Amino acid sequence: PRRRSRSFVQAFLKMHFCVLENITSINITKIDGTNKSISSGGAIGRKNVAFCSTAPGRGGSGMMDFGGAATGGELWSSSDNNGIVVGTGTTAVAPTDYQLVTQITDGTGASQLEHFTCASTNFSTTGATASFDVERLFRNSSGGGITINEVGIYATVAEFSNQVNFTSISHFCIIRDLVSPGFAVANGEYMRIVYTISVTA
């Protein structure tokens with residue numbers, strides 16, 4: 001069913017503040033709960049940056065390793081830390097949220113969902129409204145039913161020096177929404193989630 005998303009969270013605004021302000025460093029909480037200092041003069045403003053939520057899929061399909069420089073740790077993006085993500089948490093949304101409360105990870109084990117590639121599509125301008133979609137397909141191969149209570153989007157921000165070498169990749173939650181009542185996904189079923197991001201003059 002269609003639902004209205006109301007919940008861009010703090011990290012989304014902080015990243016855009018850096019772009020527009022072009023001087024100040026600001027701390028942003030990553031999805032692992034640690035802080036990252038982002039500076040417009042270094043990370044986002046004068047150096048290039050990847051701000052991406054649309055790459056990884058099942059088994060690392062589309063995994064972002066940024067030119068092969070990454071071997072693990074922060075320097076990679078996977079299905080669990082990038083793109084549309086889902087969970088079972090029911091805690092109310094707060095502007096300071098930096099992760100889903102109880103994220104459902106990618107996989108075929110108990111309480112897991114297979115995460116396929118996340119993609120942006122359908123950019124359009126019609127009348128006074130401009131919009132695009134971010135969508136992801138999930139499959140329940142866990143052997144049991146799973147109820148979705150929260151949905152969000154995780155984004156990757158990558159910094160690099162000399163316009164060549166990536167030096168840091170961080171993952172932030174930019175949207176978190178509650179799904180109420182929860183949405184049940186039976187074993188063997190697919191679930192498609194589409195966020196339509198739009199602005200109207």
Side-chain angles (χ1 to χ4, degrees), residues 5-57 60 62-107 112 115 118 120 134 136 149-179 193 195 197:
S5 171
R6 302 181 182 275
S7 306
F8 280 109
V9 290
Q10 186 171 253
F12 176 83
L13 292 178
K14 283 187 172 183
M15 284 185 278
H16 284 80
F17 172 77
C18 279
V19 172
L20 296 174
E21 210 276 337
N22 200 35
I23 297 175
T24 303
S25 296
I26 192 167
N27 285 324
I28 308 177
T29 305
K30 300 186 292 184
I31 61 173
D32 65 4
T34 62
N35 284 331
K36 172 70 175 179
S37 178
I38 299 291
S39 169
S40 59
I44 294 180
R46 295 171 189 160
K47 291 184 184 178
N48 289 331
V49 64
F51 177 29
C52 183
S53 293
T54 57
M63 186 188 316
M64 295 181 291
D65 67 359
F66 295 96
T71 57
E74 272 198 314
L75 292 179
W76 61 283
S77 291
S78 71
S79 299
D80 289 331
N81 62 24
N82 189 269
I84 295 175
V85 289
V86 294
T88 59
T90 57
T91 304
V93 175
T96 53
D97 286 347
Y98 59 85
Q99 60 181 195
L100 298 192
V101 173
T102 310
Q103 185 177 344
I104 298 169
T105 57
D106 179 25
Q112 291 184 316
H115 294 40
C118 189
S120 290
V134 181
R136 184 171 229 163
N149 295 313
E150 55 181 341
V151 181
I153 296 180
Y154 287 173
T156 297
V157 172
E159 306 168 55
F160 61 91
S161 61
N162 303 322
Q163 299 183 350
V164 176
N165 299 314
F166 282 92
T167 59
S168 176
I169 296 175
S170 304
H171 303 98
F172 302 101
C173 178
I174 61 171
I175 296 176
R176 178 175 175 256
D177 287 299
L178 288 185
V179 179
I193 295 178
Y195 268 95
I197 313 296

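From a predicted model like this one, the values you see are computed outputs, not experimental measurements.
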- request: Take C173 and D97 through the side-chain contact (heavy atoms from CB on, under 4.5 Å) test and state the conclusion after the steps.
  value: CA-CA 8 Å; C173 178; D97 286 347; 5.6 Å; no
message: Could you go through H16 and F8, starting from their C-alpha distance and side-chain angles, then the distance that decides it, and tell me whether this counts as side-chain contact (heavy atoms from CB on, under 4.5 Å)?
response: CA-CA 12 Å; H16 284 80; F8 280 109; over 6 Å; no
Step-by-step side-chain contact (heavy atoms from CB on, under 4.5 Å) determination, D177 to V93: CA-CA 7 Å; D177 287 299; V93 175; 5.6 Å; no
message: I'd like to know whether M15 forms a side-chain contact (heavy atoms from CB on, under 4.5 Å) with I174, so could you lay out the CA-CA distance, the side-chain angles of the two residues, the decisive distance to 0.1 Å, and finally the verdict.
response: CA-CA 9 Å; M15 284 185 278; I174 61 171; 3.5 Å; yes
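Remark: of the listed residues L100, L178, V86, I175, V86 is the sole one forming a side chain to side chain contact (heavy atoms under 4.5 Å, CB included) with V151.
One distance of note links CD1 of I84 with CZ of R136; it measures 7.5 Å at 0.5 Å rounding. Atom CG of N27 is separated from atom CG of N35 by 5.0 Å, given to the nearest 0.5 angstrom. To the nearest 0.5 Å, atom CG of residue D32 and atom NE2 of residue H171 are 10.0 Å apart. Going from atom CD1 of I28 over to atom CZ of F17 covers 10.5 Å, rounded to the nearest 0.5 Å. Considering CD of Q10 and CD1 of I26, their distance stands at 7.5 Å, rounded to 0.5 Å. Note that OG1 of T29 is 8.5 Å distant from CZ of F172, once rounded to the nearest 0.5 Å.
Put simply, the side chain of S7 gets close to the backbone of R176: a donor and an acceptor are under 3.5 Å apart. E150 places a side-chain N or O within 3.5 Å of a backbone atom of T102 that can act as its donor or acceptor partner. Between the side chain of Q99 and the backbone N or O of I31 there is at least one donor-acceptor pair closer than 3.5 Å.
Using a 3.5 Å distance cut-off with no hydrogens or angles, the side chains of D80 and S78 do not pair a donor with an acceptor. For the residue pair N149 / T90, no side-chain donor-acceptor distance below 3.5 Å is found, with atom types taken as modelled.
Looking at every heavy atom in both residues, V134 comes nearest to S120 through CG2-OG, 3.8 Å. Taking all atoms of both residues into account, the shortest heavy-atom contact from S5 to Y195 is OG-CE2, 3.4 Å.
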